[in-house]
Amino acid sequence: MSKKLTSRAEDYSKWYNELVVKADLAENSAVRGCMVIKPYGYAIWEKMQAELDKMFKETGHQNAYFPLFVPKSLFEAEEKNAEGFAKECAVVTHYRLQNDPDNPGKLRVDPEAKLEEELVVRPTSEAIIWSTFKGWIQSYRDLPLLINQWANVVRWEMRTRLFLRTAEFLWQEGHTAHATKGEALKEAELMNNVYATFAENFMAIPVVKGVKTESERFAGADETYCIEALMQDGKALQAGTSHFLGQNFAKAFDVKFTSKEGTKDYVWATSWGVSTRLMGALIMTHSDDEGLVLPPSLAPNQVVIVPIYKTDEQFEEVSKIANLIKSDLNAKGVSVKYDNRDTHRPGAKFAQHELQGVPLRIAIGPKDLENGTVEIARRDTKTKEVIALDNLTSTVENLLEEIQNSLYKKALDYRDSHITEVENFDDFKNILKNKGGFISAHWDGTIETEDKIKEITKATIRCIPVDTKEEEGKCVFTGNPSKRRVLFAKAY
RNA sequence: CGGGGUGUAGCGUAGCCCGGUUAUCGCGCCACGUUUGGGACGUGGAGGCCGCAGGUUCGAAUCCUGCCACCCCGACCA
């Protein structure tokens, strides 16, 4: 494997794939389309999980766990949902292997061990969860029911890419039941806002909040809220979705409740999820040709200390200071790795920590011992300065905060400068081809127009942003009247 | 599922067209020594069912047949 990463300009997609592998985040496995998430990558995912989990609990949700398998009869109960996912389902048909009489030492599926009913490996859990909710909900007193689960799901995708689209992925899925439509709608919007806050404050990724058009909506939903992010190559990435499911699942699984007034009615539902795909968003938003760039809030190690020494005595002295710095910073809640491996030289360590996106690097060597200083380097700006040991702790704290903010600002500037308003289809095609990013344009609201535009340009309507104001205009494709602009883009 | 391609050491590869010494080179790995403020160097070493099965031949990584796997481009998708 070569030392240098392919540059983004040279081949963006190759850059991404190499970065994921070289930064030790994940690798392809022996199973087609399924990845192995390596410890460093998983550590980042755990940080996301921890923060999201906290936010879910703060908004009143509880975690639970439901089965991996969904009996086919349950899966098909909500027709639209079933139809939407049918062509990418893995299905378990047998429960036993046996020695193959024709091939000694090999196994075969025991033809006698066919399941009465096939089991679908969940591509999403609405079916199994709603069949369970039926037993949990009888009265308005049981509502709202606010459940989240952390799980793996399987979607048999044709073409896969590490983190962005894998046949199996990790995610959380929230599933809630409410007494009224208004309350369910509010929940779906609330969770979309939670995702947006998480993306922006924690991952430093600016997102557009919006709703999907009918054709992009989740199978089985009446409304899909989403957050859309923009990657450095000008393509959009759906980073999270929150669905208002109406009474579709309640009806499919016959989940009714008795109201205060004694009437019976179907409950109203939402579901919402984000996945390991966020790892892809994280990588493609901040990283550069030197490797990963992590916002401090997500970095497994926010600071790495690299010792520089010639003799054992120097190493000992440097280590003494390094350990003091480490414990001072730890006391302030800053995570620090002291990279005291004597098997690698400083240059190799610098390169590795850069590749892995550690926000701050502190180097301590003989010169620093003499002068009472350290060298501190920022990963995001690649700037270095020598500072006095005295106020190192507060300097580090300030820098980490500054990096977090500056990464967000940089991404926001890029995103904002890549939302282009266009008024006619020639400009639309031109911008898409030469600039990329989001195109803000009027649309006549029909699926036909949406499809045509997709067919011609490969751009889809990413969302109808929630914060746009009404504005009279003409559809960029048909010229028919339109009341608001929507965002188009090529998407992952 | 359509079109194209590739399988040689942990990774990346040469050799294949035109069959013939001990299968090439780089990275990585191991040992020892010298090194250590931006990816060190030297010396020595380990590591191969040349994707699998069959065929042709005195002889196959190389030719033929079948199979398998993977990659790229489409259609599908978070």
Side-chain angles (χ1 to χ4, degrees), chain A residues 1-5 11 13-14 17-18 21-22 27-33 83-89 103 106 123-124 153-161 163-173 195 212 215-219 221 224 226-229 235-243 271-281 290-291 305-312 314-315 318 339-356 361-371 373-377 382 384 386 454-455 458 460 462 491-492:
Chain A
M1 197 149 53
S2 73
K3 284 178 173 172
K4 278 259 182 283
L5 213 52
D11 186 339
S13 164
K14 199 170 173 198
N17 289 333
E18 282 183 10
V21 172
K22 288 188 179 177
E27 63 188 28
N28 279 308
S29 72
V31 190
R32 193 206 76 100
E83 197 193 318
F85 284 102
K87 52 192 179 313
E88 52 194 57
C89 285
N103 279 304
K106 304 281 187 193
T124 180
V153 288
V154 170
R155 296 182 188 174
W156 214 264
E157 300 288 354
M158 295 287 190
R159 297 199 51 194
T160 59
R161 285 187 79 191
F163 290 122
L164 294 173
R165 179 169 297 108
T166 47
E168 178 195 18
F169 56 92
L170 304 183
W171 77 344
Q172 59 65 221
E173 45 182 328
Y195 288 154
K212 289 289 185 190
S215 60
E216 296 276 330
R217 208 174 275 159
F218 177 76
T224 288
C226 64
I227 53 171
E228 292 284 329
K235 284 169 81 175
L237 184 110
Q238 179 175 304
T241 47
S242 179
H243 317 290
S271 70
W272 28 274
V274 294
S275 72
T276 36
R277 191 178 221 208
L278 285 176
M279 292 287 293
E290 264 67 52
I305 304 175
V306 176
I308 289 150
Y309 56 92
K310 286 196 166 77
T311 64
D312 287 353
Q314 279 174 344
F315 177 61
V318 166
D339 187 353
N340 59 359
R341 291 175 296 172
D342 63 356
T343 51
H344 296 260
R345 299 165 88 233
K349 293 180 185 178
F350 291 171
Q352 187 200 333
H353 297 304
E354 248 156 46
L355 186 58
Q356 298 200 298
R361 181 187 72 226
I362 295 172
I364 313 171
K367 283 184 227 160
D368 299 302
L369 292 177
E370 257 175 57
N371 305 332
T373 56
V374 298
E375 181 195 81
I376 188 162
K382 314 240 7 227
K384 291 193 274 199
V386 175
K454 183 179 177 182
E455 203 185 306
K458 302 220 164 136
T460 50
R462 301 319 305 154
Y492 273 96

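Protein chains get the first letters and strands the later ones, always in sequence-line order, with residue 1 at the start of each.
With rounding to whole Å, A/Asp312 atom CG is found 15 Å from B/U34 atom C1'. For A/Leu355 and B/G38, the CG to C1' distance is 14 Å, given to the nearest whole Å. A/Glu290 has its CD atom 12 Å from the C1' atom of B/G38, to the nearest Å. The distance from atom NZ of A/Lys14 to atom P of B/C73 is 13 Å, rounded to the nearest whole Å. Taking atom CG on A/Asn28 and atom P on B/G7, their separation rounds to 19 Å, with Å as the unit. Computed from coordinates, the A/Glu18 CD to B/C11 P distance equals 16 Å when rounded to whole Å. A straight line from CD1 of A/Ile362 to C1' of B/G37 spans 15 Å, rounded to a whole angstrom. For the pair A/Glu455 CD and B/A75 C1', the computed distance is 13 Å after rounding to whole Å.
Only the C1' atoms considered, B/C70 is 15 Å distant from B/U8, to the nearest whole Å. Rounded to a whole angstrom, the distance from the P atom of B/G59 to that of B/G20 is 15 Å. Remark: the separation of the C1' atoms in B/G19 and B/A75 is 43 Å, to the nearest Å. Separation of the P atoms belonging to B/A9 and B/G2 is 30 Å when rounded to the nearest angstrom. Rounded to whole Å, the separation between the C1' atoms of B/G3 and B/G39 comes to 42 Å. On the C1' atoms, B/A61 is 7 Å away from B/C16, given to the nearest whole Å. Remark: the separation of the P atoms in B/A46 and B/G10 is 16 Å, to the nearest Å. Comparing the same atom, C1', in B/G48 and in B/U57 gives a spacing of 24 Å after rounding to whole Å.
With sequence neighbours excluded, no residue forms a salt bridge (charged side-chain N to carboxylate O under 4.0 Å, His left out) with A/Glu88. Partners of A/Tyr492 under the ring-ring contact (aromatic ring centres under 6.0 Å, His included) rule, at least two apart in sequence or in another chain, do not exist in this structure. Remark: A/Arg277 pairs with no residue by the salt bridge (charged side-chain N to carboxylate O under 4.0 Å, His left out) rule, at least two apart or across chains. The side-chain hydrogen bond (donor to acceptor under 3.5 Å, both in side chains) search around A/Arg155 returns none, not counting sequence neighbours. Judged as a side-chain hydrogen bond (donor to acceptor under 3.5 Å, both in side chains), and not counting sequence neighbours, A/Thr166 has no contacts. Partners of A/Phe169 by ring-ring contact (aromatic ring centres under 6.0 Å, His included), not counting sequence neighbours, listed by chain and number: A/Trp171. Taking the salt bridge (charged side-chain N to carboxylate O under 4.0 Å, His left out) definition, one finds that A/Lys235 meets it with nothing, sequence neighbours left out. A/Glu83 meets the salt bridge (charged side-chain N to carboxylate O under 4.0 Å, His left out) test with no other residue; sequence neighbours excluded.
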Pairs of donor and acceptor atoms involving the side chains of residues 349-356 of chain A, under 3.5 Å and at least two apart or interchain, shall be tabulated with distances.
{"unit_1": "A/Lys349", "atom_1": "NZ", "unit_2": "A/Asp339", "atom_2": "O", "d": "2.9"}
{"unit_1": "A/Lys349", "atom_1": "NZ", "unit_2": "A/Arg341", "atom_2": "O", "d": "2.7"}
{"unit_1": "A/Gln352", "atom_1": "OE1", "unit_2": "A/Arg341", "atom_2": "NH1", "d": "3.4"}
{"unit_1": "A/Gln352", "atom_1": "OE1", "unit_2": "A/Arg341", "atom_2": "NH2", "d": "2.9"}
{"unit_1": "A/Gln352", "atom_1": "NE2", "unit_2": "A/Gln356", "atom_2": "OE1", "d": "3.1"}
{"unit_1": "A/His353", "atom_1": "NE2", "unit_2": "A/Asp339", "atom_2": "OD2", "d": "2.7"}
{"unit_1": "A/Glu354", "atom_1": "OE2", "unit_2": "A/Arg361", "atom_2": "NH1", "d": "3.4"}
{"unit_1": "A/Gln356", "atom_1": "NE2", "unit_2": "A/Ala23", "atom_2": "O", "d": "2.8"}

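Side-chain contact check for A/Thr241 versus A/Cys226: some heavy-atom pair is nearer than 4.5 Å. With contacts defined as side-chain heavy-atom distances shorter than 4.5 Å, the pair A/Ile308/A/Val318 does not qualify.
Distances from the side chain of A/Ile308 to the nucleotides B/G38, B/U36, B/A75 place B/U36 closest. Residue A/Pro366 has its side chain nearest to B/G37 when only B/G37, B/U36, B/G38 are considered.
Using a 4.0 Å heavy-atom distance criterion, A/Arg341 is classed as making no nucleic acid contact. Residue contacts for A/Lys384: at a heavy-atom cut-off of 4.0 Å it reaches a base atom on one of the strands shown. Residue A/Asp342 is classed as having no contact, given no heavy-atom separation below 4.0 Å to the nucleic acid.
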Atom pairs under 3.5 Å, N or O on each side, protein against nucleotides 28-30 of chain B: can you list them with distances?
none

Kindly give the atom pairs (protein nitrogen or oxygen, nucleotide nitrogen or oxygen) under 3.5 Å for nucleotides 76-78 of chain B.
{"unit_1": "B/C77", "atom_1": "O2'", "unit_2": "A/Glu157", "atom_2": "OE2", "d": "2.8"}
{"unit_1": "B/C77", "atom_1": "O2", "unit_2": "A/Arg165", "atom_2": "NE", "d": "2.0"}
{"unit_1": "B/C77", "atom_1": "O2", "unit_2": "A/Arg165", "atom_2": "NH1", "d": "3.2"}
{"unit_1": "B/C77", "atom_1": "O2", "unit_2": "A/Arg165", "atom_2": "NH2", "d": "2.6"}
{"unit_1": "B/C77", "atom_1": "N3", "unit_2": "A/Arg165", "atom_2": "NH2", "d": "3.3"}
{"unit_1": "B/A78", "atom_1": "O3'", "unit_2": "A/Gln238", "atom_2": "NE2", "d": "3.0"}
{"unit_1": "B/A78", "atom_1": "O3'", "unit_2": "A/Arg277", "atom_2": "NH1", "d": "2.9"}
{"unit_1": "B/A78", "atom_1": "O2'", "unit_2": "A/Arg277", "atom_2": "NE", "d": "3.0"}
{"unit_1": "B/A78", "atom_1": "O2'", "unit_2": "A/Arg277", "atom_2": "NH1", "d": "2.1"}
{"unit_1": "B/A78", "atom_1": "O2'", "unit_2": "A/Arg277", "atom_2": "NH2", "d": "2.5"}
{"unit_1": "B/A78", "atom_1": "N7", "unit_2": "A/Glu157", "atom_2": "OE2", "d": "3.3"}
{"unit_1": "B/A78", "atom_1": "N6", "unit_2": "A/Thr166", "atom_2": "O", "d": "2.5"}

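Between A/Arg361 and B/G38, a side-chain N or O to OP1/OP2 separation shorter than 4.0 Å is absent.
With hydrogens and angles ignored, no donor-acceptor pair closer than 3.5 Å exists between the side chain of A/Gln352 and the base of B/G39.
Stems are defined here as 3 or more consecutive Watson-Crick or G-U wobble pairs with pairing distances under 3.5 Å; those involving RNA chain B are B:1-7 with B:68-74, B:10-12 with B:25-27, B:29-34 with B:40-45, B:51-55 with B:63-67.
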Evaluate side-chain hydrogen bond (donor to acceptor under 3.5 Å, both in side chains) for A/Arg462 paired with A/Thr460, printing each intermediate quantity in order. CA-CA 6 Å; A/Arg462 301 319 305 154; A/Thr460 50; 2.7 Å; yes

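Classified by interplanar angle (parallel below 30°, tilted 30° to 60°, perpendicular above 60°), the ring pair A/Phe315/A/Tyr309 is tilted.
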